[in-house]
Amino acid sequence: MNEVSPGHTVRTAVIVNGEQVDLDHDARVTLLDFLRENQGLTGAKKGCNRGECGSCTVLVGGRRANACMVLLAGIDGAEVTTVEGLTVDGELHPMQRAFVDHDAFQCGFCTPGQIMSAVACVAEGHVGDDGEIREWMSGNICRCSAYPQITAAVATAAKEMRS
Amino acid sequence: MNVTTMGTGVRRLDGPAKVTGAAMFAADHRPTGTLHAVLVGSPVPAGSLTHLDTTAALAVPGVVAVLGPGDLPRPDPRLDEVSVPPLATRFLPLQDDRICYHGQAVAVVLAGSLQDAEHAATLVRPHIAPAPFVVPADAPVRDATTAEGYAQLMPLTEQVGEPIDPREAPVHVAATYAQPDRHNNPMEPSAIVAEWDGDTLTVTDSVQHVYAVRDTLAAALGLDQEKVLVRSPHTGGGFGAKAFVWPHEIIAAQVAWVMGPGRPVKLVLTRAQMYAMVGYQPAMWHDVALGAAGNGSLITVRHDAVNTTAVTEDYVEFATATALSLYASPSISTSQRVRRGHVNLPTFMRSPLDGPGTWALGSAIDELAHAAGIDPLDLRLINHADTEPATGKPWTSKKLVQAYGEAARRFGWRTRPIGGTVDGQWRIGCGMADATQGQFRFPSQARLVMDRTATVTLEVGFTDIGQGPGTVFPQVAASVLGLRPEQIRVKYGDARLPFAGPTYGSGTTIGVGAAVLDAAQRLRGELARIAGWPADEVSCADGRLRRDGSQRVPFSRTDEDIPFTALMALHGGEVAVEGSFALPGGVPADAGPAEYATRTFGAVFVEVAVDPELGLLRLRRATGVYSAGRIVNERTARSQMIGGIVWGWGMAALEASTFEPALGRWHSQNLAGVALPVNADIPAAIDIAFIDEFDEHAGPLGAKGIGELSATGTAAAVANAVYDAIGVRVRDLPITPQRLLRRG
Amino acid sequence: MIPFTYERVGTVAEAVEHSTAPGSMLIAGGTEVVNWLRLGVHGPATLVDLKTVPGLADISLVGETVHIGPLVRLADVAAHPWVAQRFPVLRESIHLAASAQLRNLATIGGNPLQYTRCPYFRAEAETPCTKRRPGSGCAARHGITDNQAIFGWTDDCVAVQPSDPGTALAALDAVYVTRHADGGRRIAARELNTLPSQDAVAHNMLRPGEVITDIEITGTAPTSTYLKVRPRASYEFATVAVAVALEVDGDLVRRARIALGSVAMRPWRLDATERLLVGHRIGSAAAQRAIEAGFADAKPLPGNEYKITLARNAVARALRQAVTA
């Protein structure tokens with residue numbers, strides 16, 4: 001993010017994985033580009049930049065959202081959680097562990113988005129049965145197509161997260 | 001070998017990195033001083049660039065340069081010596097004024113911020129004198145040129161036995177099966193970061209073979225190979241789109257050269273650019289005719305395939321490979337021809353050749369089964385090829401009959417619901433088809449190093465596109481060295497490492513695996529030498545070298561063993577060994593040992609539901625059982641097979657890239673207008689099994705490839721199931737509501 | 001994206017004032033606006049963020065009318081008990097729209113304002129499109145028509161309006177209440193979007209600086225449902241969608257409201273069908289004739305004839321679904 005005419009910058013404050021970040025930035029910057037290019041948080045991926053794949057899914061205010069469709073300026077004051085913020089003291093989140101245990105990915109590109117989406121899916125309570133999980137995890141495309149394993153991982157982690 | 005690690009479902013060693021966001025993909029790299037490069041595509045499919053108006057783009061604050069034809073260095077003549085493939089296409093944009101397809105790069109914009117570069121790219125005005133263009137699907141069918149390139153890879157026509165007119169057979173069917181253009185659409189768009197330091201070029205790229213990138217860039221830029229460092233830490237899916245070296249990779253290196261040292265250039269294709277700047281599987285028309293005796297035994301197989309290609313060169317999708325390999329028939333006739341139009345060049349896509357081939361042949365054999373009144377599975381058993389039909393060669397290994405039986409048992413084929421059974425709004429149908437894929441082999445090397453602390457590192461430059469090599473190859477080494485796979489560190493994705501064959505052609509495990517096995521055995525031999533024991537009398541377990549003396553020297557002492565750490569202390573330094581897998585004659589690739597036919601097989605059964613009122617098609621369950629040699633990791637292998645069945649479901653039910661004929665461009669260049677399967681499309685009931693098999697001829701590991709086998713057969717199985725459900729034979733993919741809707 | 005100035009406003013009056021200025025544009029959830037800016041559909045000098053206006057994200061019940069603030073996120077609309085109990089069709093339409101992530105961003109006021117998904121309109125490199133560049137023609141008219149309109153199209157535009165919640169709101173006779181410098185107005189949901197015969201360039205009838213401040217739905221529609229037909233099982237725009245709200249007396253229809261989505265540039269109410277269904281049993285021959293009557297003015301394009309059959313079947317199915325749910 002470099003020289004922008006002053007009229008086109010805006011000041012935004014966000015909390016990223018618990019850290020307060022205040023900055024003046026080009027108003028065009030999306031949350032995704034901010035995370036990747038400015039914060040070095042490259043877990044969220046740019047698969048389509050149109051809201052059509054879910055690879056950039058992060059939590060904004062605790063809710064899953066496509067970071068590519070969010071202008072940074074539009075979430076002033078919000079808390080953002082990325083996949084990097086899920087791990088506490090090097091300990092994998094139950095969802096991360098379940099994804100490994102169920103082999104719920106191959107190339108791993110969509111995986112951070114899948115996992116953030118899955119964490120929210122459990123929090124929302126959309127894990128009643130496999131059909132519900134599949135529907136509510138359909139905003140994340142996996143071209144390697146680990147879908148049955150993803151569904152199993154979400155179901156497993158949901159049990160652990162709720163107990 | 002240690003049975004506890006080979007074949008078992010070891011968890012992915014790169015799992016923690018991939019679930020925490022720590023795994024780095026090409027576009028995640030951002031060296032200091034990075035310039036963002038954005039390509040500008042041609043708005044027309046044919047013509048010549050008369051002027052590139054860069055005024056407005058250059059006026060954008062933050063824009064460093066706008067480069068067009070003439071601004072980039074000419075490729076070194078050595079590039080002419082690089083064959084196509086692995087060079088994806090000989091036609092390199094930004095070298096002259098020719099426009100051969102819509103979206104072809106005509107300019108590159110560079111800026112310090114992505115926002116400025118993207119904005120300025122929209123302000124570049126290419127002035128183009130348009131020329132008439134040819135819609136590929138409307139172009140005349142013609143013979144492909146064999147002067148160079150893809151058409152040379154296999155014979156364009158084959159005649160096995162005497163030609164027989166299928167119509168003279170007691171039972172015969174003939175039809176045209178069509179399939180649309182489909183884009184590979186890996187989730188990760190192609191990305192490359194290119195950086196010069198003096199006369200050394202470093203690129204971080206998203207690819208399926210780092211060595212091809214190294215060699216091609218070295219040739220294009222006139223450098224020695226050692227002056228080109230290529231890294232590909234993880235690749236976010238490729239499915240063929242990143243197999244070969246595409247123009248944007250050469251352009252990125254050229255642009256970085258123009259920008260000079262200290263200005264790394266990061267070029268990430270947009271999703272839209274993934275449609276026109278890399279390849280895709282071309283549209284195909286398969287004329288298939290089968291003739292059989294009254295008992296169902298094939299008398300003749302005819303498959304004439306046509307695919308679209310570019311005006312710049314011919315890509316041939318050798319779908320007839322299946323007809324030459326799958327069913328026993330005394331007469332087989334095949335041909336491959338092309339239609340040339342103004343479009344970017346197609347390429348291999350999971351699963352090339354046999355993916356299209358099994359769609360056409362797998363549909364035709366089902367039609368024959370119905371015509372002959374024979375169960376489709378029985379008809380396949382009747383026509384089982386005990387040797388390769390085209391050559392008569394024996395198979396390296398083939399357990400297809402067992403796969404049929406096991407799949408039928410697991411699926412309940414013999415007790416399946418009668419076609420058209422009603423379940424609410426749905427009509428239920430079952431179908432099956434063969435899976436099969438030709439096998440490629442590539443030579444490979446591998447290095448194993450045991451350091452003073454007895455820590456073992458595996459070094460081999462394969463790429464990880466998700467199929468699990470970062471787990472499978474440590475497993476192979478660990479099984480010989482008596483270690484747990486996670487005890488072996490592995491370095492990969494870097495062309496400075498020992499040469500690995502490419503990650504395509506389902507050829508990674510067979511080649512790299514053999515090299516790793518060889519290296520592990522050599523390392524064990526070195527340890528034996530240090531211990532002073534005969535190399536053929538030792539084994540490894542639990543971090544110790546053991547002398548298996550009891551069998552060979554009956555009256556000697558009982559078994560001895562020495563910890564690796566003690567051996568290394570004795571040795572006083574690290575031990576490094578090189579293993580290799582070489583092909584006969586030193587060739588860079590082959591299709592298996594010459595005296596055998598090498599192929600993988602399987603059977604796919606699906607149950608679908610069709611809603612004829614709304615034209616909906618849904619997958620209810622699938623069973624795939626495969627004969628593919630030894631399975632090194634049942635866990636990652638199972639995931640690959642599930643992924644392949646879903647890939648096949650996309651081919652069957654959803655995916656199509658439509659070429660807009662009036663405008664000469666891809667109609668939708670995104671993931672909203674081109675539907676890929678989502679989670680809701682795929683039921684949990686995807687049942688996968690492997691027949692226990694060791695292919696002793698294909699390679700020392702006993703394994704073969706599975707990544708492409710997985711996506712064959714499914715499309716035909718689905719179409720066959722649709723016919724079973726509602727009696728409608730769909731011969732054009734994908735099977736969308738238009739094709740299923742009950743009229744009236 | 002063209003550089004723009006970003007303004008956060010604190011009141012509706014400010015939002016109206018700032019977005020009335022030439023070159024200004026409102027943004028709420030952003031799931032559409034951000035893509036318009038990327039595609040170059042719009043290049044505003046100023047983006048006015050409506051999200052910072054308090055009081056526009058509430059749901060309230062006044063008498064028999066549910067008021068939904070335009071900034072309520074789709075997910076929250078669907079989750080609200082009043083919506084779930086009174087308007088199942090709206091809840092279902094939302095759950096069948098986009099993805100869970102997008103439904104957390106997109107707002108109920110913004111969603112019906114989304115532009116057509118016509119690939120010619122959405123092209124990265126412009127194609128002839130009346131809505132993209134007035135006067136450039138309509139490449140879709142004689143082009144690829146599978147998903148284009150079967151009602152109300154003209155030679156200037158054959159596109160369809162895809163909003164699922166917008167279609168449900170049209171069936172519920174919802175009203176969009178707006179504020180504008182020239183005064184506000186009440187817009188019937190079925191009329192919000194613009195047919196090409198009215199204005200082939202526009203996507204809806206809002207004027208620059210006109211802000212939706214409230215969405216009103218009166219009464220209840222417990223016997224209502226939303227059917228969305230699409231090849232992919234989820235996360236895909238409709239080929240055809242049907243919103244149905246019925247009032248039944250025993251098994252006889254007393255009142256029917258039916259809106260089709262993705263068949264025209266606005267949610268398409270089947271007025272004739274609604275009228276003729278009254279007094280008949282769902283599934284009866286008379287009901288089937290009523291459905292046919294709704295399609296009397298359907299006109300396919302070469303290549304999308306199937307959509308008429310599909311839409312007709314979908315209406316029959318949705319009616320059955322509504323009464324059996």
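The chains referred to below are lettered A, B, ... by the order of the sequence lines, with proteins before strands, and numbering in each begins at 1.
For CZ of Arg133(C), the number of neighbouring non-hydrogen atoms (other residues, nucleotides, ligands) closer than 6.0 Å is 12 at most. Heavy-atom neighbours of Glu19(A) CD from other residues, nucleotides or ligands within 6.0 Å: at or below the threshold of 12. Shown here is Glu79(A), whose CD atom has no more than 12 heavy atoms of other residues, nucleotides or ligands within 6.0 Å.
Proximity of a side-chain donor or acceptor of Ser138(A) to a complementary backbone N or O of Tyr235(C) within less than 3.5 Å is not detected. No donor-acceptor distance shorter than 3.5 angstrom exists from the side chain of Tyr6(C) to the backbone of Leu71(A), with no hydrogens or angles considered.
Classification of Arg63(A) and Asp76(C) as a salt-bridged pair holds, one side-chain N sitting under 4.0 Å from a carboxylate O.
Between Ser99(C) and Asn66(A) the shortest heavy-atom distance is OG-OD1, 4.5 Å. Closest of all the heavy-atom pairs between Cys68(A) and Val34(C) is O-CG1, 4.1 Å. The nearest pair of heavy atoms linking His8(A) to Pro3(C) is ND1-CB, 3.3 Å.
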Discussion item. side-chain contact (heavy atoms from CB on, under 4.5 Å) for Glu236(C) and Glu52(A)? Distances and angles first, verdict last.
Written reply: CA-CA 9 Å; Glu236(C) 187 176 32; Glu52(A) 296 166 357; over 6 Å; no

Worksheet item: Run the side chain to side chain donor-acceptor pair (under 3.5 Å) check on Arg8(C) and Thr12(A) step by step: do they pass?
Response: CA-CA 11 Å; Arg8(C) 302 180 179 119; Thr12(A) 303; 3.0 Å; yes

Worksheet entry | Pair Met69(A)-Val33(C), side-chain contact (heavy atoms from CB on, under 4.5 Å): steps then yes or no | CA-CA 9 Å; Met69(A) 298 309 301; Val33(C) 171; over 6 Å; no

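Neither the backbone nor the side chain of Leu37(C) comes within contact range of chain A; no heavy atoms are under 4.5 Å apart. With a 4.5 Å cut-off on non-hydrogen atoms, Cys53(A) touches chain C through its backbone but not through its side chain. Looking at Leu102(C), both its backbone and its side chain come within 4.5 Å of chain A, counting heavy atoms on both sides. Heavy atoms of Ala98(C) lying under 4.5 Å from chain A are absent altogether. Both the backbone and the side chain of Asn104(C) come within contact range of chain A, with heavy atoms under 4.5 Å apart.
Both cation-pi conditions hold for Arg103(C) and Trp136(A): the charged atom is under 6.0 angstrom from the six-membered ring centre and inside a 45 degree cone around its axis.
Annotation: side chain of Leu59(A) is not in contact with side chain of Gln101(C) (no heavy-atom distance under 4.5 Å). Looking only at side-chain heavy atoms (C-beta outward), Thr30(A) and Arg38(C) come within less than 4.5 Å of each other.
Heavy-atom pairs under 4.5 Å with chain A were tallied for Asp49(C), Asn35(C), Thr5(C); the largest tally goes to Asn35(C). Interface summary for chain A: among Ala233(C), Ser234(C), Ala75(C), the most heavy-atom pairs under 4.5 angstrom belong to Ser234(C).
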